[in-house]
Amino acid sequence: MSRYAYVNGAFVRHRDAAVHIEDRGYQLSDGVYEVWSVMDGKLADAEGHFARLWRSLDELRIAHPMTRAALTVVLREVVRRNRVREGLLYLQVSRGVARRDHAFPNPEVTPAVVATIRPVDRVASDAKAAKGYTAVTVPENRWGRCDIKSIGLLPNALAKQAAREKGALEAFFVDELGFVTEGASSNAWIVDQDGALRTRDTNANILRGVTRNSLLQVIAEQGLTVNERPFTVAEAQAARECFISGAGSLVSPIVAIDGKPVGDGTVGPLAMRLRNLYMQRARETAI
């Protein structure tokens, strides 16, 4: 089946999709992105992703390329044309095409918009989650505005490569105080030795995860509480459970960090329970 992408106002075959060589996203990483999990052919956590997209654009002073209603139509059409029921939809908005210069173009140019989608095998990912994943740690070396979902992801790419070379799924960034900030493409959580759920607060230099926020709502609905405070690598390794959350990983257990088992090295019950509850909620609220 042919794949289709949306590129600056047109739906084109994926193999023919292209952007201009002076797109500022290509040359300067001057842009933002969002990733929606697609469930049952619908956009999961839609409200959170749209809100974060607008915020990221505003923080970088990039004009909104279209209304939310119009963008929703575009994204749904990308899903429809590619006949994807379960997948990941990627949206990128750059400042646009202009002669290369570090300062913003004057006058402003039209933002460039690209959207693609790929299918996900949920059965396979559920089976892998049930077995648990591993993680490695890397020094925190990113810029000071990780709250913006910028396309400037070279540190994240290097971290993911370090994880892959060691057979791990994720890499945890660790700051100068020894605390885990977040994963290269996820937020990090533990169930500490006292049985308390913990994840880093978003006032720190971390991304305001949409899946993280939805999971907090699930946790509250279950009558559980979360301590939004940092934890060290040693605390994560000694925890009862560790897991990550994100549009791609959903809620995925981590059973070892840097080769050391988390707890007894097996998937804990709370992580899988939260994964199932989150997915149920995401499907019910998808648009």
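For clarity, every value in this text was computed on a predicted model and none was experimentally measured.
For Arg81 (side chain) and Ala5 (main-chain N/O), no donor-acceptor pair under 3.5 Å exists by modelled atom type. Under the 3.5 Å distance criterion, the side-chain polar atoms of Arg52 are left unmatched by any main-chain donor or acceptor of Glu34. Of the possible polar contacts, none joining the Asp40 side chain to the Glu284 backbone as a donor-acceptor pair under 3.5 Å is found. One N or O on the side chain of Asp264 and one on the backbone of Thr266 form a donor-acceptor pair closer than 3.5 Å. Using a distance-only test at 3.5 Å, with no hydrogens or angles considered, a donor-acceptor pair links the side chain of Asn205 to the main chain of Cys146. No donor-acceptor pair closer than 3.5 Å links the side chain of Glu170 to the backbone N or O of Ile244. Counting only distance, with no hydrogens or angles, the side chain of Ser56 and the backbone of Lys149 share a donor-acceptor pair below 3.5 Å. With hydrogens and angles ignored, the 3.5 Å screen pairs no side-chain donor or acceptor of Ser249 with any backbone N or O of Val251. Listed for the Asn156 side chain is a donor-acceptor partner under 3.5 Å among the backbone atoms of Ala184. A donor-acceptor pair is defined here as one N or O able to donate and one able to accept, closer than 3.5 Å; such a pair exists between the side chain of Arg240 and the backbone of Gln193.
Closest non-hydrogen pair, Asp45 versus Ser214, comes out as OD1-OG, 2.7 Å. When every heavy atom of Ala163 is checked against every heavy atom of Val136, the shortest pair comes out as CA-CG2, 3.7 Å. Here the closest heavy-atom approach between residue Thr134 and residue Ala168 is recorded as OG1-CA, 3.2 Å. Shortest non-hydrogen contact noted between Trp54 and Leu71 is CH2-CD2, 4.1 Å. The two residues Ala103 and Arg24 come nearest to each other via the heavy atoms O-NH1, 3.2 Å. Across every non-hydrogen atom of Ala98 and Val109, the tightest pair is CB-CG1, 4.2 Å.
The shortest distance between side-chain heavy atoms of Thr211 and Asn187 does not fall below 4.5 Å. At least one side-chain heavy atom of Glu47 sits less than 4.5 Å from a side-chain heavy atom of Arg68. Between Arg122 and Ser37 there is a side-chain heavy-atom pair separated by less than 4.5 Å. Looking at heavy atoms from C-beta onward, Glu228 lies out of side-chain contact with Arg200 at the 4.5 angstrom threshold. Side-chain contact between Val74 and Met66: present, with at least one pair of heavy atoms (C-beta onward) separated by less than 4.5 Å. Under the 4.5 Å side-chain criterion, counting only non-hydrogen atoms from C-beta, Thr137 is in contact with Ile257. Inter-residue side-chain proximity for Lys42 and Val79 is flagged as unmet; no heavy-atom pair is nearer than 4.5 Å. Residues Ile117 and Tyr4 form no side-chain contact, since every pair of their non-hydrogen atoms from C-beta on lies 4.5 Å or further apart.
When Phe243, Tyr278, Phe231 are each tested for a ring-ring contact (aromatic ring centres under 6.0 Å, His included) with Trp189, only one passes: Phe243. For the pairing with Phe172, the side chain to side chain contact (heavy atoms under 4.5 Å, CB included) check across Thr181, Asp258, Val138, Ile254 returns one residue only, Ile254.
Between His49 and Trp36, the ring-plane angle classifies as tilted under the 30° and 60° cut-offs.
Linking Ile, Leu, Val, Met, Phe, Trp and Tyr whenever their side-chain heavy atoms come within less than 4.5 Å leaves Val35 and Val210 in two separate clusters. A single hydrophobic cluster is seen to contain both Phe50 and Leu57, as judged by linkage of ILVMFWY side chains at heavy-atom distances under 4.5 Å, directly or through other members. Hydrophobic clustering (ILVMFWY, side-chain heavy atoms < 4.5 Å, transitive): Ile62 and Ile148 are in one cluster. In the hydrophobic cluster analysis, where Ile, Leu, Val, Met, Phe, Trp and Tyr join through side-chain heavy atoms closer than 4.5 angstrom, Leu207 is grouped apart from Leu91. No single ILVMFWY cluster, assembled from side-chain heavy atoms under 4.5 Å apart, contains both Ile287 and Met39.
For Arg145, the CZ atom sits in a packed shell: over 12 heavy atoms of surrounding residues, nucleotides or ligands are nearer than 6.0 Å.
In summary, the side chains of Gln161 and Glu165 do present a donor paired with an acceptor at a separation below 3.5 Å, with no hydrogens or angles considered.
Annotation: side chain to side chain donor-acceptor pair (under 3.5 Å) contacts of Arg118 (sequence neighbours excluded): none.
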Run the side-chain contact (heavy atoms from CB on, under 4.5 Å) check on Met279 and Asp126 step by step: do they pass? CA-CA 11 Å; Met279 291 182 68; Asp126 285 347; 4.0 Å; yes
Would Thr116 and Val78 satisfy side-chain contact (heavy atoms from CB on, under 4.5 Å), going step by step from the backbone distance to the final call? CA-CA 7 Å; Thr116 59; Val78 172; 6.0 Å; no
side-chain contact (heavy atoms from CB on, under 4.5 Å) between Glu22 and Gln27: does it pass, once the steps are laid out? CA-CA 7 Å; Glu22 288 194 311; Gln27 294 193 334; 3.9 Å; yes
Take Arg273 and Leu270 through the test side-chain contact (heavy atoms from CB on, under 4.5 Å) and record every step on the way to the result. CA-CA 5 Å; Arg273 175 184 167 197; Leu270 184 54; 4.2 Å; yes
Hey, mind stepping through Glu108 and Arg61 against salt bridge (charged side-chain N to carboxylate O under 4.0 Å, His left out) and telling me if it holds? CA-CA 10 Å; Glu108 291 185 0; Arg61 292 160 58 190; over 6 Å; no
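Here OG1 of Thr199 is found 9.0 Å from CD1 of Ile190. Values are rounded to the nearest 0.5 Å. Atom CG of Asn8 and atom NE2 of His20 lie 11.0 Å apart (nearest 0.5 Å). Once rounded to the nearest 0.5 Å, the distance linking OG of Ser125 with CG of Leu250 reads 6.5 Å. Taking OG1 from Thr285 and CD from Gln280, the interatomic distance works out to 10.5 Å, rounded to the nearest 0.5 Å. For the atom pair Leu274 CG and Arg281 CZ, the distance stands at 12.5 Å (nearest 0.5 Å). Considering CZ of Arg55 and CG of Leu60, their distance stands at 10.0 Å, rounded to 0.5 Å.
Comment: Arg212 does not engage Glu182 in a salt bridge, judged by the lack of any side-chain N to carboxylate O separation of less than 4.0 angstrom.
Identified under the ring-ring contact (aromatic ring centres under 6.0 Å, His included) test for residues 74-108, with sequence neighbours left out: Tyr33-Tyr90.
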